[in-house]
Amino acid sequence: MAIIRGRARRTEAGIFTASMADIVFLLIVFFVLTYNPEVDRTQVKLPKTWVRTEIPKEAAFISIDKAGVIRVSTGKEMSLPVGSEEEVVTFASNVVAENPYKEFVVKADKDTKYDYVDKVLDALKQAKAKVIFLLSEQKTVEDVG
Amino acid sequence: MLNVKKKDIESEIFTGSMADISFLLIIYFMVTSVFSATRGLDFQLPEDSTTTPEIKREDSIDVHVQQGGVVFVDGKEMALEQILPYIAEKLKQNPDKPVILRTDPEATYGDMIRVFDLLRQAPDKIGVEIKTISIPTQREIQNIWELFGVQ
């Protein structure tokens, strides 16, 4: 039996990284385009609805947690807690004075007492806000059945 | 005279640290961006709300959400699926009839949203759009009661 003695060819093991730069840049472009800094990080359980409308970017935020703690943000900076309904009126009036067509987003916990939400809505009406969004999550068939 | 051979220096941009910078940027965006809800139920307030509009019960459909999520429509207790057919009947007689959505302060926000969402689904479910859905606040309701001398 003839034995062929060939010199074994060495192949270096390596990971192909030429396309890494493309992938990384694609990811960066994706994040830059979709980046929307969250101005309010209050932990709430949002109610679920079938009807949902897109909220404009930089809308003013008013959040109400389950205990009724209210936080406000103009949409440009992080939200800050307010102590009373009058402070919400002052905040909303200032926002409306700057831009009369500024949208307000109410982000409230679904289990919070409606009384808290009512007071915020009343403050917005007093401040002559024009458009209000009640933040919600998408309702699905699983939620119903 | 010295005859020195010029050394060729290739011009190039150093890209060795590009991967580090790119990954740092990716990590920054991934950590700071969150998947937040960006949609919700919208409603518009009247342009001039200096005067409280006069609301007559017979001219409107009164939807009252009470504690525990119980809903009364024009004073009658109704299940959620009964509300839109009832409103459809009323709108047949007068398509401009406004719906007033009142919520008990002791009810939860979720109870109110459930009914508001239902009312907004009217075009899909009953083929009729409710032109005006009014959400009066407790202060406005009290003003109206005082107007009619109700304590």
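Letters A, B, ... mirror the listed sequences (proteins, then strands); counts begin at 1.
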Given 3.5 Å as the limit, does a donor-acceptor pair link the side chain of A/Thr90 with the main chain of A/Glu86, or not?
yes

Report yes or no: does B/Asp117 contribute a side-chain atom to a donor-acceptor pair with the main-chain N or O of A/Trp50 at less than 3.5 Å?
yes

Option in A/Leu124, A/Thr49, A/Thr53 with maximal non-hydrogen atom pairs under 4.5 Å from chain B
A/Thr53

Examine whether an atom of A/Val117 lies under 4.5 Å from a heavy atom of chain B, and if so say whether it belongs to the side chain, the backbone or both; otherwise answer neither.
side chain

Side chain / backbone / both / neither for B/Ile135 at chain A, heavy atoms under 4.5 Å:
both

Please determine, among B/Val65, B/Ile113, B/Asp124, the option with the most heavy-atom pairs under 4.5 Å with chain A.
B/Ile113

Could you tell me whether A/Lys119 and A/Asp122 make a salt bridge, using a distance below 4.0 angstrom between a side-chain N and a carboxylate O?
no

What option among B/Leu41, B/Thr108, B/Leu118 has the most heavy-atom pairs under 4.5 Å with chain A?
B/Leu41

Heavy-atom contact with chain A under 4.5 Å, split by part of B/Asp104:
backbone

Does the Lys NZ or Arg CZ of A/Lys130 fall within the cation-pi geometry relative to A/Tyr101 - under 6.0 Å from the ring centre and within 45° of the axis?
yes

Which one wins on heavy-atom pair count under 4.5 Å against chain A: B/Arg139, B/Arg120, B/Gln44?
B/Arg139

Identify which part of A/Phe25 has an atom lying under 4.5 Å from any heavy atom of chain B, answering side chain, backbone, both or neither.
side chain

Can we say A/Lys45 and A/Asp109 salt-bridge, meaning some charged N sits less than 4.0 Å from an Asp/Glu carboxylate O?
no

In terms of heavy-atom pairs under 4.5 Å with chain B, which of A/Ile28, A/Val131, A/Val32 leads?
A/Ile28

Do A/Glu98 and A/Asn94 pair up side chain to side chain, a donor and an acceptor below 3.5 Å, judged on atom types alone?
no

Going by distance alone, is a donor N or O of one side chain under 3.5 Å from an acceptor N or O of the other, for A/Asp40 and A/Ser63?
yes

